[in-house]
Asks: 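Here it is, the structure in full.
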Amino acid sequence: MASLHRKPTLVMGARGSVGKFVMKRLLAEGVPVCASARRPAPGQFPDGVEVFAADLTDPASLRPAFEGARQVFLYANHQGVHGVIEAARAAGLERIVLMSSGSVIHPSSAGNAIAEKHREVEAAFAVASDVLMVPVRPLVLATNALGWAYQIQANGSVALYQPDALTAPIHERDVAAVVCAALTGAATQAVSGLLTGPARISQRDQVAAIGRAVGREIPVRELSRDAAMRQFSQFMPTGEAEAVLQFLDDAAAGNSPAALTVEEVLGRSAITFDEWALDHARDFR
């Protein structure tokens with residue numbers, strides 16, 4: 001039987017925008033890794049990485065994935081949290097690093113439906129005191145801007161609600177780096193601080209950065225709240241669409257900060273949105 005310190009770290013959602021960087025970084029650091037996806041297929045993961053088919057809402061699928069793992073990285077899912085806790089308890093996991101949301105500790109997000117779902121997940125782990133959970137809490141993910149890609153590709157422009165709202169989007173590589181710090185180091189409060197990019201930038205200026213990355217100007221058209229609700233409701237439940245608009249209203253009121261958590265944990269500045277746009281230029285072409 002492998003010694004405890006050589007038991008692998010399970011990266012759930014290892015094909016996702018954050019999970020793939022968590023897996024890559026851990027492998028580069030020589031940390032034993034296994035991975036999971038809801039529907040894994042051959043060739044999706046590096047050679048030598050054991051892969052499980054697992055779903056956070058299906059406790060039976062979690063048992064074989066958790067068994068033999070030392071610790072797990074996973075995403076918050078309030079629908080499956082109690083099954084996750086029971087599977088973690090049965091497997092004797094040393095630690096769960098949870099991809100939560102900065103809205104849980106962001107005062108003006110209290111009551112927002114999406115924020116409260118993340119709060120429910122964290123609260124469930126807090127009650128299960130025998131299962132160590134370390135939350136990582138990004139407030140605004142830069143990958144949210146990928147939702148503009150279709151409009152930019154199809155129309156050469158983008159329609160936005162609250163285009164001048166200021167947020168500090170964080171690159172998924174920085175989120176993954178903080179996750180890895182939580183997995184490979186001592187569990188400290190620093191890794192669970194409000195996680196943001198280095199500076200606030202408006203949605204309009206984010207589009208301008210994407211334009212520079214792809215080599216053309218991208219006009220912005222402002223959406224009314226009603227029009228934005230209709231647009232978002234095409235892709236998500238109405239309650240979630242309202243929650244997204246509330247986040248943007250809050251940002252427009254000046255309540256979405258930039259924090260220094262990345263610098264505190266990693267010892268360097270967070271990656272700028274301009275660099276994120278360059279990394280993702282082909283997604284908008």
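When reading the values below, keep in mind they use all heavy atoms of this one structure, side chains included, and skip hydrogens, waters and symmetry mates.
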Asks: Ignoring hydrogens and geometry, is there a side-chain-to-backbone donor-acceptor pair from Arg95 to Ala182 under 3.5 Å?
Replies: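 Side chain of Arg95 to backbone of Ala182, a donor-acceptor pair under 3.5 Å: yes, one is there.
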Asks: Considering only NZ, NE, NH1 and NH2 on the basic side and carboxylate oxygens on the acidic side, decide whether Glu242 and Arg225 come within less than 4.0 Å.
Replies: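 The answer is yes: the pair qualifies as a salt bridge.
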Asks: Are Leu146 and Tyr161 in one and the same hydrophobic cluster, where Ile, Leu, Val, Met, Phe, Trp and Tyr link if side-chain heavy atoms are under 4.5 Å apart?
Replies: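 Each belongs to a different hydrophobic cluster.
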Asks: Between Thr272 and Glu275, is there a donor-acceptor pair closer than 3.5 Å when you use the side chain of the first and the backbone of the second?
Replies: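 Side chain of Thr272 to backbone of Glu275: a pair is present.
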Asks: Would you call Arg25 and Glu29 a salt bridge, using N to O less than 4.0 angstrom?
Replies: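 Result for this pair is yes, salt bridge flagged.
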Asks: Looking at Arg89 and Glu86, does any basic side-chain N land under 4.0 Å from a carboxylate oxygen?
Replies: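 Here Arg89 pairs with Glu86 in a salt bridge, since their nearest N and O are under 4.0 Å apart.
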Asks: Are the side chain of Asn155 and the backbone of Ser157 linked by a donor-acceptor contact shorter than 3.5 Å?
Replies: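 Side chain of Asn155 to backbone of Ser157: no pair is present.
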Asks: Going hydrophobic residue to hydrophobic residue with side-chain gaps under 4.5 angstrom, can you get from Leu74 over to Val22?
Replies: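 No, no single cluster joins them.
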Asks: Is any side-chain N of the basic residue among Arg119 and Glu122 closer than 4.0 Å to the acidic one's carboxylate O?
Replies: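 Salt bridge: no.
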Asks: Quick check: do Leu166 and Ser202 have side-chain heavy atoms less than 4.5 Å from each other?
Replies: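 Leu166 vs Ser202: side chains touch.
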Asks: Are Val175 and Trp276 in one and the same hydrophobic cluster, where Ile, Leu, Val, Met, Phe, Trp and Tyr link if side-chain heavy atoms are under 4.5 Å apart?
Replies: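 Looking at the clustering, Trp276 is in a separate group from Val175.
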Asks: Taking only residues two or more places apart in sequence or in another chain, which ones pass side-chain contact (heavy atoms from CB on, under 4.5 Å) with Leu260?
Replies: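 side-chain contact (heavy atoms from CB on, under 4.5 Å) list for Leu260, sorted by chain: Glu263.
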Asks: Could you tell me whether the side chain of Asp174 and the main chain of Ile271 form a donor-acceptor pair under 3.5 Å?
Replies: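 Pair found, side chain donor or acceptor close to backbone of Ile271.
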Asks: Less than 4.5 Å apart, any side-chain heavy atom of Lys7 and any of Pro32?
Replies: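 With C-beta onward as the side chain, the pair stays apart.
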Asks: Please collect all ring pair (Phe, Tyr, Trp, His ring centres under 6.0 Å) contacts where either partner lies in residues 54-101, sequence neighbours excluded, each pair once.
Replies: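 For residues 54-101, and leaving out neighbouring residues, the ring pair (Phe, Tyr, Trp, His ring centres under 6.0 Å) pairs sorted by first residue read Phe73-Tyr75.
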Asks: Enumerate donor-acceptor pairs with a distance under 3.5 Å from any side-chain N or O in residues 9-16 to protein atoms, sequence neighbours excluded.
Replies:
from	atom 1	to	atom 2	distance (Å)
Thr9	OG1	Gln71	NE2	3.0

Asks: Between Val31 and Met99, is there a shared hydrophobic cluster once you connect ILVMFWY residues whose side-chain heavy atoms come closer than 4.5 Å?
Replies: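 Yes, Val31 connects to Met99 through the hydrophobic network.
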Asks: Do Ser256 and Leu139 have side chains that approach each other closer than 4.5 Å (heavy atoms only, starting at C-beta)?
Replies: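 The answer is yes, as the side chains (C-beta and beyond) meet within the 4.5 Å cut-off.
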Asks: If you draw a 6.0 Å radius around CD in Gln153, do more than 12 non-hydrogen atoms from other residues or ligands fall strictly inside?
Replies: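 Correct, the count exceeds 12.
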Asks: Look at the rings of Phe21 and His171 and say which category their plane angle falls in: under 30° parallel, 30 to 60° tilted, over 60° perpendicular.
Replies: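 Perpendicular: the ring planes of Phe21 and His171 meet at over 60°.
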Asks: Under the ring pair (Phe, Tyr, Trp, His ring centres under 6.0 Å) rule, collect the residues that match up with Phe247, sequence neighbours excluded.
Replies: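 So Phe247 forms no ring pair (Phe, Tyr, Trp, His ring centres under 6.0 Å) with any residue.
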Asks: How far does CG of Leu160 sit from CD of Gln203, to the nearest 0.5 angstrom?
Replies: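 So the gap between those two atoms works out to 5.0 Å.
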Asks: Let me check something: any side-chain donor-acceptor pairs from residues 39-53 under 3.5 Å, sequence neighbours excluded? List them with distances.
Replies:
from	atom 1	to	atom 2	distance (Å)
Gln44	OE1	Ala41	N	2.7

Asks: Taking side-chain hydrogen bond (donor to acceptor under 3.5 Å, both in side chains) as the definition, give me every residue that meets it alongside Asp164, ordered by chain and number, with sequence neighbours left out.
Replies: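 Per chain and number, Asp164 pairs via side-chain hydrogen bond (donor to acceptor under 3.5 Å, both in side chains) with Arg204.
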Asks: Can a donor-acceptor pair be found, under 3.5 Å and without considering hydrogens, that links the side chain of Ser233 to the backbone of Thr238?
Replies: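 Not a single qualifying donor-acceptor pair exists.
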Asks: Check for a donor-acceptor pair, side chain of Ser61 on one end and backbone N or O of Asp55 on the other, with a separation under 3.5 Å.
Replies: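 Pair found, side chain donor or acceptor close to backbone of Asp55.
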Asks: Could you check if a side-chain atom of Met133 sits within less than 4.5 angstrom of a side-chain atom of Val121, using non-hydrogen atoms only?
Replies: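 Met133 vs Val121: side chains apart.
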Asks: Would you mind reporting whether Leu183 and Val134 have side-chain heavy atoms less than 4.5 Å apart?
Replies: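 Val134 vs Leu183: side chains apart.
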Asks: Is there a side-chain contact between Val262 and Leu195 (heavy atoms, below 4.5 Å)?
Replies: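 The answer is yes, as the side chains (C-beta and beyond) meet within the 4.5 Å cut-off.
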Asks: Could you pull out the closest heavy-atom pair between Leu266 and Ala177, with the gap in Å?
Replies: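 Heavy atoms only, the tightest pair is CD1-CB, 3.6 Å.
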Asks: At what distance, to the nearest 0.5 angstrom, does CE of Met229 lie from CG of Leu223?
Replies: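 It is 12.5 Å, given to the nearest 0.5 Å.
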Asks: Any sub-3.5 Å donor-acceptor pair from Ser100's side-chain atoms to Arg137's backbone N or O?
Replies: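 Checked: no pair found.
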Asks: Mind checking whether Leu141 and Ile170 have side chains closer than 4.5 Å, heavy atoms only?
Replies: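 Contact flag for Leu141/Ile170 side chains = yes.
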